[in-house]
Amino acid sequence: MIDQHSLDGESRHAQVAPRVLPERCVIVVDKDLPIGHAANAAAVVALTIGHRHAALVGEAFADASGETHPGLIPVGITVLSAAGNDLSEIRRKAIEAKCDVVDFPREGQQTTNYHAFREATAMADGQTMKYLAVALVGGKKEVSKIVGHLALLR
C-alpha cells in the first residue's frame, strides 16, 4: 500500500498505487443520498480506484460463444452506507491506517463541469469538506476495523 510519509509533499491523491492486488476494497456512500446520486458517487470513486489500482482490473474473459468481455474486479467491491456526517471520520481513519483513499466531495454532484468542480473544492477547507462517498483500498484487517460495523447500501 502507499506509505503516506514517502510522498515527499505531494498529495496522496496525485499518486498512483503500486500494482499489488489489495486484500480489501470498499466504497462507503452517504445513506441519505437518492439512489441515482448514490450510484453515481459509487461509480465515480470506483472508476478512480480502477485507475489507481490496475491490479484490481482482472484479465479479460471469454464466454462459451468465444465473445471476449473486459476484465472485472477479482476481489469484489463491497458498497456500504453510513451517515453523511461520518464519512469524513471514515476517511481520516483510513488515511491513518495507510489505506489508499478515494473521496468524492459533495461539490462533485453540484456541477457537470469539472473545472467548476475543481474551483469549488479549491475554496473548501479540507477539514470541513463534506463527502458523498469514500473508497478504502487496503489490508483486510485495517479496512474491516474501520468499516466492519457498517451495513450494505440498500
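Under the side-chain contact (heavy atoms from CB on, under 4.5 Å) criterion, K145 pairs with no residue at all, not counting sequence neighbours. Remark: A43 engages no residue in a side-chain contact (heavy atoms from CB on, under 4.5 Å) (not counting sequence neighbours). Residues passing the side chain to side chain donor-acceptor pair (under 3.5 Å) test with T121: none are found, sequence neighbours excluded. Residues forming a side chain to side chain donor-acceptor pair (under 3.5 Å) with Q110 (at least two apart in sequence, or on another chain): none. Partners of I35 according to the side-chain contact (heavy atoms from CB on, under 4.5 Å) rule, which considers only residues two or more places apart in sequence or in another chain, do not exist here. Remark: A124 pairs with E107, M129 by the side-chain contact (heavy atoms from CB on, under 4.5 Å) rule, at least two apart or across chains.
Under a hydrophobic-cluster definition in which Ile, Leu, Val, Met, Phe, Trp and Tyr are linked whenever side-chain heavy atoms come within less than 4.5 Å, directly or via other members, V79 and I73 are assigned to the same cluster. In the hydrophobic clustering of this structure, M123 does not group with F104; members are Ile, Leu, Val, Met, Phe, Trp, Tyr whose side-chain heavy atoms approach within less than 4.5 Å, directly or through other members. The hydrophobic cluster containing V26 does not contain V57, counting ILVMFWY residues as joined when their side-chain heavy atoms lie under 4.5 angstrom apart, directly or transitively.
Annotation for L72: hydrophobic cluster partners, listed by chain and number, are F61 (ILVMFWY side-chain heavy atoms under 4.5 Å, direct or chained).
The two atoms that bring P74 and G58 nearest to each other are CD-N, 3.8 Å, heavy atoms only. Heavy atoms only, all atoms of each residue included: A133 and L87 are closest at N-CD1, 3.9 Å. Residues V101 and R52 approach most closely at O-NH2, 4.4 Å, considering heavy atoms.
Rounding to the nearest 0.5 Å places CD of E23 at 7.0 Å from CD of E142. Once rounded to the nearest 0.5 Å, the distance linking CD1 of I49 with CG of D100 reads 8.0 Å. Here D103 contributes atom CG and R91 contributes atom CZ; the two are 4.5 Å apart, rounded to the nearest 0.5 Å.
Applying the ring pair (Phe, Tyr, Trp, His ring centres under 6.0 Å) test to residues at least two apart or on different chains, the pairs with a partner in residues 115-154 are Y114-F117. The salt bridge (charged side-chain N to carboxylate O under 4.0 Å, His left out) pairs that include a residue from residues 62-89 are E89-R92, where partners are two or more places apart or lie in different chains. Residue pairs meeting the side-chain hydrogen bond (donor to acceptor under 3.5 Å, both in side chains) criterion with at least one partner in residues 30-44, sequence neighbours excluded, are H37-Q109, N40-Q109.
No side-chain heavy atom of V28 sits under 4.5 Å from any side-chain heavy atom of I146. Within the 4.5 Å cutoff, the side chain of V134 has no heavy atoms near those of the V45 side chain. Taking 4.5 Å as the limit, some side-chain heavy atom of V137 sits within range of a side-chain heavy atom of C25. When side chains are defined from C-beta on, S144 counts as touching R24, because their heavy atoms get closer than 4.5 Å.
Residue V147 is tested with I27, L80, T78 for a side-chain contact (heavy atoms from CB on, under 4.5 Å); the sole match is L80.
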Open item on the list: What verdict does the side-chain contact (heavy atoms from CB on, under 4.5 Å) test give for L56 and I77, after you've listed the backbone C-alpha separation in whole Å, the side-chain angles of each residue and the deciding distance to 0.1 Å?
Closed with: CA-CA 10 Å; L56 283 175; I77 302 176; over 6 Å; no
